[in-house]
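The structure appears below as structure tokens.
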Amino acid sequence: MSERQKDRPWLMRTYAGHSSADESNALYRRNLAKGQTGLSVAFDLPTQTGYDPDHVLARGEVGRVGVPVSHLGDMRRLFEGIPLEQMNTSMTINATAMWLLALYQVVAEEQGADIRLLQGTTQNDIVKEYLSRGTHVFPPGPSLRLTTDMITYTVANIPKWNPINICSYHLQEAGATPVQEIAYAMSTAIAVLDAVRDSGQVPAEKFGDVVARISFFVNAGVRFVEEMCKMRAFTRIWDTVTRERYGVENAKQRRFRYGVQVNSLGLTEAQPENNVQRIVLEMLAVTLSKDARARAVQLPAWNEALGLPRPWDQQWSLRIQQVLALESDLLEYEDIFAGSHVIEAKVDEIVREATAEMERVQEMGGAIPAVESGYLKSQLVSSHAERRARIESGEEKVVGVNCYESTEPNPLTADLDTAIMTVDPANEARVVAALGAWRGQRDDERAAKALERLRATAATDENLMEATLECARAGVTTGEWAGALREVFGEFRAPTGVSSAPVAVTAEAGSQMAEVREKVRVTGEQLGQRLRLLVGKPGLDGHSNGAEQIAVRARDAGFEVVYQGIRLTPEQIVDAAVAEDVHCVGLSILSGSHCELVPDVLERLRRAGADDVPVIVGGIIPSADAAALKEAGVAAVFTPKDFGITEIIGKIVDEIRRVNKLDAPEPTA
């Protein structure tokens with residue numbers, strides 16, 4: 001038998017970056033030496049949200065979930081010894097995408113690279129930041145302008161670069177069904193392409209080049225057949241939209257180009273070894289079907305629900321990809337699902353329902369008005385609440401969580417403190433000191449002039465990329481660049497979606513929810529007022545899904561909920577707790593900044609005379625940190641293993657009763 005021609009494997013990446021540019025550079029070099037074929041840069045939250053490491057909101061966040069890049073010097077060190085002309089680099093950056101691309105371009109120029117040969121992707125999808133990830137800075141209009149300016153600049157000057165990654169990944173993490181994931185991602189793509197077309201910066205005959213550079217970043221969950229059909233539906237709908245709405249005749253330009261990270265939402269803290277098979281199954285959904293195969297894949301690590309993965313954990317995920325691509329015969333065949341009536345029927349169903357939801361969004365004026373009205377956010381919060389309710393009821397099975405919970409001792413987590421990587425607490429001070437040194441040696445006059453040019457350009461409709469490049473070359477910092485644009489554009493607080501989310505768990509007689517509602521009612525009567533819970537997101541962590549689900553369930557249990565959204569200082573949270581006279585403060589932190597921010601909230605409550613208000617904390621919190629928080633005065637700590645939200649609400653009421661020295665509530669008749 002003659003040997004079959006094998007397809008070229010997809011780009012293999014691991015999402016990585018931590019502590020500092022120097023440490024991240026060393027990690028990238030090790031990963032490339034292990035066979036990784038592209039880089040995927042994780043930036044820390046201050047970088048993503050346009051703050052310097054010495055800003056008050058950056059406290060506890062520097063280098064935690066990614067690498068801090070504050071200026072050109074950091075970007076130089078991040079890619080030292082890595083020839084950018086030969087590299088394919090994905091950068092997970094959105095509100096500050098233009099700034100990071102400018103720094104990347106200048107470093108490439110310093111290396112002697114031809115920028116027209118640079119290959120890679122800036123995520124740059126701001127719409128999903130308003131809905132799920134929370135690293136937005138500016139209002140939707142100016143944000144869309146930044147995206148438009150970047151796209152038109154790269155198409156003309158860096159033609160191999162993907163200037164935007166329309167991200168349905170984070171929509172699924174926020175609760176989106178496959179239909180919603182497609183519909184809202186496609187609605188975002190339409191909003192972006194309409195804005196580029198209407199800007200007049202690209203000649204009509206060149207618009208196909210714009211469409212050809214639009215890429216997508218998708219999610220693949222554990223429901224293998226449905227997820228694979230979703231990808232085939234994505235491909236079909238994109239072909240229709242680009243051909244019919246934008247008149248792109250070249251089939252190559254209409255090709256649906258996507259990268260993927262498989263689902264992190266479904267990774268469990270309980271029996272985390274099960275996450276390995278989940279990751280493998282989810283990867284198959286985006287690789288088995290040749291006609292809808294991902295162009296790039298990055299996999300999470302088995303222990304991401306526990307904390308920051310170590311280099312060894314990331315290597316394990318890379319090896320999963322390599323075994324599939326190099327040892328199996330997957331790449332030797334045409335699409336193995338072509339002609340399947342089961343697959344085609346499911347794809348048709350998804351296409352039909354997603355198209356109908358896209359039409360609803362367009363009737364509202366498109367993705368941007370649907371964000372501003374709160375419609376998209378409320379739909380996601382509702383879908384997520386329904387999913388959580390199915391898990392809690394046992395209707396949706398999660399092995400090791402709500403079924404088959406008994407387990408043997410796990411050697412992978414025998415020492416939880418070494419099962420994840422930790423960031424040196426002294427790292428933040430070193431980064432802040434280095435920032436001060438950078439400011440001290442730069443040409444301040446040139447930096448000031450560059451920032452003034454940026455402000456002036458932002459006040460016009462001129463493309464902002466050249467002014468941003470001058471800022472990069474002049475030594476301007478991330479916080480200064482974003483701060484100048486904040487002065488012109490203002491900031492934006494996205495709708496939370498909590499108040500408009502429908503009830504997900506009803507209080508039927510005899511149910512756990514009915515018992516908790518009664519406990520809330522009785523406790524409120526004994527205290528002489530309705531119970532009030534403040535849900536707070538201190539610091540820069542924008543992953544608000546957990547906080548929103550707590551807020552919705554507490555509301556449904558009878559609490560009056562105070563939830564002001566993301567990105568608050570400890571001072572703002574305590575001021576709100578005192579002003580609203582709340583009975584409990586709940587803090588949600590997933591970024592690792594809990595050891596810095598939670599004690600600050602506790603101390604401020606004491607100074608405000610509200611130290612009798614119990615504080616509970618939820619998030620990705622290692623066991624040693626949880627113990628330290630309790631010793632500091634936290635009443636309870638909840639992590640991803642505590643999946644029963646109604647049970648959590650009941651425990652919150654118990655804490656309120658304990659601090660108020662109330663006896664157990666009288667049983668109802």
Side-chain angles (χ1 to χ4, degrees), residues 93-99 101-102 121-131 135-159 161-168 171 183-217 237-238 240-248 253-254 256-257 358-373 375-376 457-468 485 488-490 492 494:
I93 198 76
N94 297 281
T96 54
M98 179 181 284
W99 173 241
L101 178 62
T121 303
T122 31
Q123 193 168 100
N124 204 20
D125 173 3
I126 201 66
V127 171
K128 65 94 175 50
E129 297 301 318
Y130 301 128
L131 300 176
T135 68
H136 55 275
V137 176
F138 313 112
S143 294
L144 193 56
R145 179 212 172 154
L146 286 167
T147 299
T148 298
D149 286 356
M150 257 191 72
I151 291 172
T152 56
Y153 175 83
T154 55
V155 167
N157 297 280
I158 317 178
W161 193 266
N162 301 322
I164 188 170
N165 227 212
I166 307 294
C167 291
S168 70
L171 301 181
Y184 301 157
M186 285 294 171
S187 296
T188 298
I190 288 170
V192 168
L193 286 174
D194 282 0
V196 172
R197 179 194 60 198
D198 297 344
S199 75
Q201 297 185 63
V202 179
E205 64 273 15
K206 289 284 189 180
F207 199 73
D209 293 339
V210 174
V211 171
R213 299 322 303 173
I214 303 297
S215 62
F216 289 76
F217 184 61
I237 292 175
W238 181 243
T240 299
V241 167
T242 53
R243 185 180 65 253
E244 295 183 359
R245 188 179 182 94
Y246 301 108
V248 179
Q253 292 178 325
R254 296 198 310 267
F256 184 74
R257 300 161 57 252
M358 288 168 62
E359 290 172 354
R360 273 190 286 275
V361 172
Q362 291 307 306
E363 288 170 1
M364 299 175 189
I368 299 300
V371 166
E372 294 172 327
S373 70
Y375 170 76
L376 294 185
T457 304
T460 70
D461 58 2
E462 183 183 343
N463 191 299
L464 279 159
M465 194 67 195
E466 290 295 344
T468 295
L485 293 183
V488 180
F489 295 153
F492 184 73

(request) For the pair Thr122 and Trp161, evaluate side-chain contact (heavy atoms from CB on, under 4.5 Å) and give the outcome as yes or no after the intermediate values. (result) CA-CA 8 Å; Thr122 31; Trp161 193 266; 3.2 Å; yes
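- Residues Val196 and Val155 have side chains not in contact (no heavy-atom distance under 4.5 Å, counting atoms from C-beta outward).
- Put simply, the side chain of Lys128 reaches to within 4.5 Å of the side chain of Asn94, judged on heavy atoms.
- Here the CE atom belonging to Met358 is positioned 9.0 Å from the OG1 atom belonging to Thr240, to the nearest 0.5 angstrom.
- Taking all atoms of both residues into account, the shortest heavy-atom contact from Pro163 to Arg213 is CD-O, 3.5 Å.
- Classification of the Phe256-Phe216 ring pair by plane angle, with boundaries at 30° and 60°, yields tilted.
- At least one donor-acceptor pair closer than 3.5 Å links the side chain of Arg254 to the backbone N or O of Val248.
- Residues Ser199 and Thr152 come closest through the heavy atom pair OG-CG2, 4.3 Å.
- For the pair Ser187 (side chain) and Gly366 (backbone), a donor-acceptor distance under 3.5 Å is absent.
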(request) Show the numbers, then the answer: is there a side-chain contact (heavy atoms from CB on, under 4.5 Å) between Arg257 and Asn162? (result) CA-CA 10 Å; Arg257 300 161 57 252; Asn162 301 322; 2.6 Å; yes
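- Within the structure, the salt bridge (charged side-chain N to carboxylate O under 4.0 Å, His left out) test picks out the following pairs touching residues 147-156 (sequence neighbours left out): Arg145-Asp149.
- Of the inter-residue distances, the one linking Asn463 atom CG with Ile151 atom CD1 reads 11.0 Å to the nearest 0.5 angstrom.
- Shown here for Ala467 and Thr457, the closest heavy-atom pair between the two residues is CB-OG1, 3.9 Å.
- Using a 4.5 Å heavy-atom threshold, the side chains of Asp209 and Gln253 count as touching.
- Ring geometry for His136 against Tyr130 counts as tilted: the plane angle lies between 30° and 60°, on a 0 to 90° scale.
- Minimum interatomic distance between Pro139 and Pro142 (heavy atoms only, all atoms of both residues): O-CD, 3.3 Å.
- Under the 4.5 Å side-chain criterion, counting only non-hydrogen atoms from C-beta, Tyr375 is in contact with Arg360.
- Counting heavy atoms from C-beta on, the side chains of Met465 and Thr154 never come closer than 4.5 Å.
- Of the inter-residue distances, the one linking Leu376 atom CG with Thr188 atom OG1 reads 7.5 Å to the nearest 0.5 angstrom.
- Ile237 CD1 to Thr242 OG1: the interatomic distance, rounded to the nearest 0.5 Å, is 11.5 Å.
- Scanning all heavy atoms of the two residues, the minimum distance from Thr147 to Val192 falls at CG2-CG1, 4.3 Å.
- Looking only at side-chain heavy atoms (C-beta outward), Ile190 and Tyr246 come within less than 4.5 Å of each other.
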(request) With side-chain contact (heavy atoms from CB on, under 4.5 Å) as the test, would you mind laying out the steps for Tyr153 and Leu464 before giving the verdict? (result) CA-CA 9 Å; Tyr153 175 83; Leu464 279 159; over 6 Å; no
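- Asp125 contributes a side-chain N or O that, together with a main-chain N or O of Val127, makes up a donor-acceptor pair within less than 3.5 Å.
- Among residues two or more places apart in sequence or in another chain, the side chain to side chain contact (heavy atoms under 4.5 Å, CB included) test is passed with Asp461 by none.
- Across all their heavy atoms, Val361 and Ala367 have their closest contact at CG1-N, 3.8 Å.
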(request) Start with the C-alpha gap between Tyr184 and Val371, add the side-chain angles, then the distance that decides, and say whether side-chain contact (heavy atoms from CB on, under 4.5 Å) holds. (result) CA-CA 10 Å; Tyr184 301 157; Val371 166; over 6 Å; no
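- Applying the ring pair (Phe, Tyr, Trp, His ring centres under 6.0 Å) test to residues at least two apart or on different chains, none of the pairs has a partner in residues 186-205.
- Ile164 is listed as a side-chain neighbour of Ile214, based on a closest heavy-atom distance under 4.5 Å.
- For the pair Leu101 and Ile93, the minimum side-chain heavy-atom distance is 4.5 Å or more.
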